[in-house]
Amino acid sequence: TNNPNYTYAYWKQKLTPTETLSGDHISNINSYPPNSIIYVTGDLIIDSNQTLNGVKKIIFLVEGKLDVIGNNAKIVRADKKSFLGFIVNKNITFGTSLSSADDMTPVVNGFFLTDNQILIPATSTQFVGKGIFVAFGGFNFARDLGSATNATNPAERFFFDPSLIINAPADLMGSSY
């Protein structure tokens, strides 16, 4: 059969960017127009809170790696009818400063796909993600809440968000059959 392998290379060929950035920081995710596909030629760093407002569908195609770092940097969608996706060629790292206020509140919410690994470095606070997380190279979890807490609470917690499928841009939908 000729089923595609949905890696970064597949999406890079399939999606048509509306804008190109050299590796950069995102300072205001809302500065991009609705239905944007942003091609990033290098690494992408998110080091401040980013809340996608309104009904927008934004995809970042990142040639390099994605680092979500900084003092409580978060990526969230304010409107459940929006879509925020990152398709990344190299690793995605959710830094040590990303810590949830409780075990139900996500610090990241979106579609995250990488050909490599999703890395969550060591720290003693819990990481909570909501969305769709795909890492063809696997996940590397290193957080540790301490032996008493680890017995009853995961150091890394993920929730599936079906609204991302319902609100995905048409370019991401379709079948190879």
Side-chain angles (χ1 to χ4, degrees), residues 1-26 29 32 36-47 50 52 57-70 73-77 82-98 100 106-123 126-144 154-177:
T1 62
N2 289 330
N3 294 331
N5 186 355
Y6 296 106
T7 62
Y8 173 83
Y10 171 84
W11 293 112
K12 184 178 177 191
Q13 180 182 8
K14 181 175 169 131
L15 300 174
T16 304
T18 55
E19 185 172 338
T20 299
L21 297 175
S22 297
D24 205 355
H25 290 70
I26 294 177
I29 204 160
Y32 301 103
S36 293
I37 299 173
I38 296 102
Y39 174 63
V40 181
T41 60
D43 297 338
L44 183 61
I45 297 171
I46 299 174
D47 59 1
Q50 298 295 320
L52 183 63
K57 297 176 190 302
I58 298 177
I59 300 170
F60 288 88
L61 272 170
V62 183
E63 184 74 34
K65 62 183 180 171
L66 170 63
D67 289 325
V68 184
I69 56 174
K74 295 178 184 178
I75 305 172
V76 294
R77 298 175 309 128
S82 65
F83 180 91
L84 181 59
F86 296 86
I87 299 172
V88 181
N89 191 32
K90 297 182 180 174
N91 289 334
I92 296 174
T93 301
F94 296 114
T96 57
S97 67
L98 288 168
S100 184
V107 291
V108 296
N109 181 311
F111 174 80
F112 299 89
L113 180 145
T114 176
D115 283 3
N116 288 292
Q117 291 188 325
I118 290 180
L119 308 170
I120 303 180
T123 189
Q126 187 179 50
F127 172 89
V128 178
K130 183 176 180 181
I132 299 171
F133 299 81
V134 179
F136 291 116
F139 290 78
N140 186 333
F141 299 144
R143 295 206 175 184
D144 184 350
E156 296 88 0
R157 187 173 205 165
F158 292 88
F159 295 100
F160 172 63
D161 187 349
S163 72
L164 288 164
I165 294 172
I166 294 167
N167 298 308
D171 291 340
L172 289 184
M173 304 306 288
S175 173
S176 60
Y177 299 102

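Below, each value reflects all heavy atoms present in this structure, side chains not excepted, and no hydrogens, waters or symmetry copies.
Using bins of under 30°, 30° to 60° and over 60° for the plane-to-plane angle, the ring pair Phe133/Phe94 lands in the perpendicular bin.
The side chain to side chain contact (heavy atoms under 4.5 Å, CB included) search around Ser22 returns Thr41, not counting sequence neighbours. Partners of Asp144 under the side chain to side chain contact (heavy atoms under 4.5 Å, CB included) rule, at least two apart in sequence or in another chain, are Asn150. Qualifying salt bridge (charged side-chain N to carboxylate O under 4.0 Å, His left out) partners for Asp43, counting only residues two or more places apart in sequence or in other chains: none. The side-chain hydrogen bond (donor to acceptor under 3.5 Å, both in side chains) search around Asp171 returns none, not counting sequence neighbours. Asn140 meets the side-chain hydrogen bond (donor to acceptor under 3.5 Å, both in side chains) test with no other residue; sequence neighbours excluded. Every residue meeting the side chain to side chain contact (heavy atoms under 4.5 Å, CB included) condition with Thr96, not counting sequence neighbours, appears here in chain and number order: Pro121, Thr123. Taking Phe136 as the reference, nothing meets the ring-ring contact (aromatic ring centres under 6.0 Å, His included) condition, with sequence neighbours excluded. With sequence neighbours left out, Tyr32 forms a side-chain hydrogen bond (donor to acceptor under 3.5 Å, both in side chains) with no residue at all. Taking Asn116 as the reference, nothing meets the side-chain hydrogen bond (donor to acceptor under 3.5 Å, both in side chains) condition, with sequence neighbours excluded.
The closest donor-acceptor contact from the side chain of Gln126 to the backbone of Pro154 lies under 3.5 Å. Remark: side-chain polar atoms of Asp161 are paired, donor with acceptor, to backbone N or O of Ser163 under 3.5 angstrom. For the pair Glu156 (side chain) and Arg143 (backbone), a donor-acceptor distance under 3.5 Å is present. Between the side chain of Asn89 and the main chain of Val62, no donor-acceptor pair closer than 3.5 Å is present. A donor-acceptor pair under 3.5 Å is formed between the side chain of Thr18 and the backbone N or O of Ile37.
Scanning both residues, Ile118 and Val134, for their nearest heavy atoms gives CD1-O, 4.1 Å. Nearest heavy atoms, Phe127 versus Gly129: CE2-N, 3.7 Å.
In this structure, the separation between CG on Leu66 and CD1 on Ile26 is 7.5 Å, given to the nearest 0.5 Å. Between the CG atom of Leu164 and the CG atom of Asn109 there is a distance of 6.0 Å, given to the nearest 0.5 Å. To the nearest 0.5 Å, the span separating NZ on Lys57 from CG on Leu52 amounts to 10.5 Å.
A salt bridge (charged side-chain N to carboxylate O under 4.0 Å, His left out) check over residues 60-69, counting only residues at least two apart or in different chains, returns the pairs Lys12-Glu63, Lys65-Asp67.
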Test ring-ring contact (aromatic ring centres under 6.0 Å, His included) applied to Phe141 and Phe158, step by step: CA-CA 12 Å; Phe141 299 144; Phe158 292 88; 5.7 Å; yes
